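Read the structure below first, then the notes.
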Amino acid sequence: MNTRYFLVALTVLLLSQLGLKAQEEIVYDQYYYNYYLVNPAVAGAERCTHFMWTGKLQWIGMEDAPRTTTLSFRTRLRGGMERLGIGAYAYVDKNGYSKRNGGQVSLGYHIPLSGRSTRGYMMKERDISRQLSFALAGVVSHYLFDRKLFVSENSTDIVIANGDLDKGYYFNATFGTYLLMDDFFAGLTMANLVPTELKELGKNEPIRPITSYIFAGYDFQLGDGMTLEPGAMFKFNMQNQRQFDVHLKYQQNMSDRDYGYWLEMLYRHVLDKDNAQPLCLRFMGGVRVKKFNIGYTYGQPLTGIASHNKGTHEMMLGYSFCKTQHFCR
């Protein structure tokens, strides 16, 4: 069996075992490792197949602190379908008594904006440094509470007032578009396209609003395989909740040694009305050794909770069937 098809089948199996369940913001928070997590149109934007695992431990030192694990896959198709890209991710998130499992499956379409030939395997004769992509993703989420952690006197808690501890499955859809223009890239995502009342915290919980994500960045070429990438992301929804990220990434790719590394700093600020404040500062770094990518992130909260924990730690392990030009994109 072709290795690539075997790995695709393995990913589908893992997704089915995890239940394809969850709330997308939990995954989107790790987009700096993999932009596919925030925009389904990124899947297949490169002529390559990527697998990535991430593990996140928040608020170290606090009891029952959130823990999140993700597994993602994305690739570009072949055999007469070279303009199509597919992707999928699954995750498990545990936070105190609650547990979310989730994921998505997406299909994207890529339009090269150059005028060169489209012939050849995986469109190798077509320059895709200028490309416009669109994608639609189906999302499924599941939310429950750990029965073993509840005792009878907690049974009237508001978070389980709406029936059982198992809040069931919820389905939704996400649309994304992604633009590559030489050293510039940008994306727009619209999540929660299907109005859904989750009923996670009680009977009167509002309908989940459409949430939009806009991100952009530019790679300044410094020579000798070095680039400097400033970028930003803006998140907002119909309930006037807003969040802004800005980052600066330095990376160097030493092709003669089949090695590369990157360093990044990210600042996040909440822009909600009557609640604008700094949220966190994150320091990131990673190395590429041949086709393997390894990364680490330390996050320092900038809110009042900072004095009660030792920050957030994240790890990433990825494998690509090519030598990636842009780390963690």
Side-chain angles (χ1 to χ4, degrees), residues 11-12 14-31 33-44 52 54 56 66 68-74 84-95 98-109 133-145 159-160 162-178 187-215 233-243 272:
T11 298
V12 172
L14 287 171
L15 289 174
S16 65
Q17 291 300 311
L18 288 173
L20 285 176
K21 334 160 194 176
Q23 194 177 47
E24 74 286 339
E25 282 85 353
I26 297 171
V27 176
Y28 286 1
D29 188 52
Q30 294 181 296
Y31 71 90
Y33 280 147
N34 183 355
Y35 273 90
Y36 171 69
L37 298 179
V38 74
N39 190 317
V42 174
M52 185 172 289
T54 65
K56 180 177 182 179
T68 307
T69 302
T70 70
L71 176 66
S72 64
F73 157 81
R74 53 192 170 104
L84 298 180
I86 60 173
Y89 70 69
Y91 73 84
V92 176
D93 178 82
K94 295 182 180 180
N95 186 351
S98 67
K99 179 180 179 181
R100 290 182 173 91
N101 302 311
Q104 76 171 22
V105 177
S106 64
L107 175 65
Y109 186 76
S133 306
F134 302 91
L136 188 64
V139 182
V140 141
S141 59
H142 183 247
Y143 185 41
L144 57 84
F145 291 92
V159 296
I160 58 173
N162 184 38
D164 207 342
L165 300 179
D166 189 334
K167 299 301 179 179
Y169 292 86
Y170 302 89
F171 298 87
N172 221 301
T174 298
F175 170 79
T177 182
Y178 181 57
L188 168 66
T189 305
M190 297 183 67
N192 300 325
L193 295 179
V194 181
T196 303
E197 185 179 0
L198 297 185
K199 298 181 181 180
E200 292 181 359
L201 303 178
K203 295 182 179 181
N204 299 319
E205 189 168 351
I207 293 177
R208 200 70 177 280
I210 294 177
T211 303
S212 298
Y213 300 80
I214 300 174
F215 64 85
M233 175 177 303
F234 182 54
K235 169 188 172 183
F236 60 97
N237 63 30
M238 300 175 66
Q239 295 178 350
N240 291 321
Q241 296 173 325
R242 296 168 293 176
Q243 179 178 293
D272 296 352

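For clarity, every value in this text was computed on a predicted model and none was experimentally measured.
Heavy-atom minimum distance, Ser212 versus Met190: OG-CG, 4.0 Å. The shortest heavy-atom contact between Pro40 and Ala137 is CB-CB, 4.0 Å. When every heavy atom of Thr68 is checked against every heavy atom of Tyr91, the shortest pair comes out as CG2-CD1, 4.5 Å. The two residues Ala43 and Ser106 have their closest heavy-atom pair at CB-OG, 4.4 Å.
Atom-to-atom distance recorded for Thr189:OG1 and Lys235:NZ is 12.0 Å, nearest 0.5 angstrom. Summarising the geometry, atom CZ belonging to Phe175 is positioned 15.5 Å from atom CG belonging to Asn192; distances are rounded to the nearest 0.5 Å. Atom CZ of residue Phe134 and atom CG of residue Leu107 lie 13.5 Å apart, to the nearest 0.5 angstrom. With rounding to the nearest 0.5 Å, the separation of CE in Met52 from CG in Leu71 is 10.5 Å. In this structure, the separation between CG on Leu193 and OG1 on Thr174 is 6.0 Å, given to the nearest 0.5 Å.
The residue from Phe234, Tyr35, Tyr31 that alone fulfils the ring-ring contact (aromatic ring centres under 6.0 Å, His included) condition with Phe215 is Tyr35. The only option from Asn34, Thr70, Leu37 that meets the side chain to side chain contact (heavy atoms under 4.5 Å, CB included) definition with Tyr89 turns out to be Leu37.
The backbone N or O of Ala88 lies less than 3.5 Å from a partner atom in the side chain of Tyr36, making a donor-acceptor pair.
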Before you tell me yes or no, could you show the steps for Ser72 and Tyr33 under side-chain hydrogen bond (donor to acceptor under 3.5 Å, both in side chains), namely the whole-Å CA-CA distance, both residues' side-chain angles and the distance that decides it to 0.1 Å? CA-CA 11 Å; Ser72 64; Tyr33 280 147; over 6 Å; no
Determine whether Tyr169 and Val140 satisfy the following criterion, side chain to side chain contact (heavy atoms under 4.5 Å, CB included), listing intermediate values before the conclusion. CA-CA 7 Å; Tyr169 292 86; Val140 141; 4.3 Å; yes
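Looking at heavy atoms from C-beta onward, Asn39 lies out of side-chain contact with Tyr213 at the 4.5 angstrom threshold.
Annotation: cation-pi geometry satisfied between Arg100 and Tyr143 (NZ/CZ under 6.0 angstrom from ring centroid, within 45° of ring axis).
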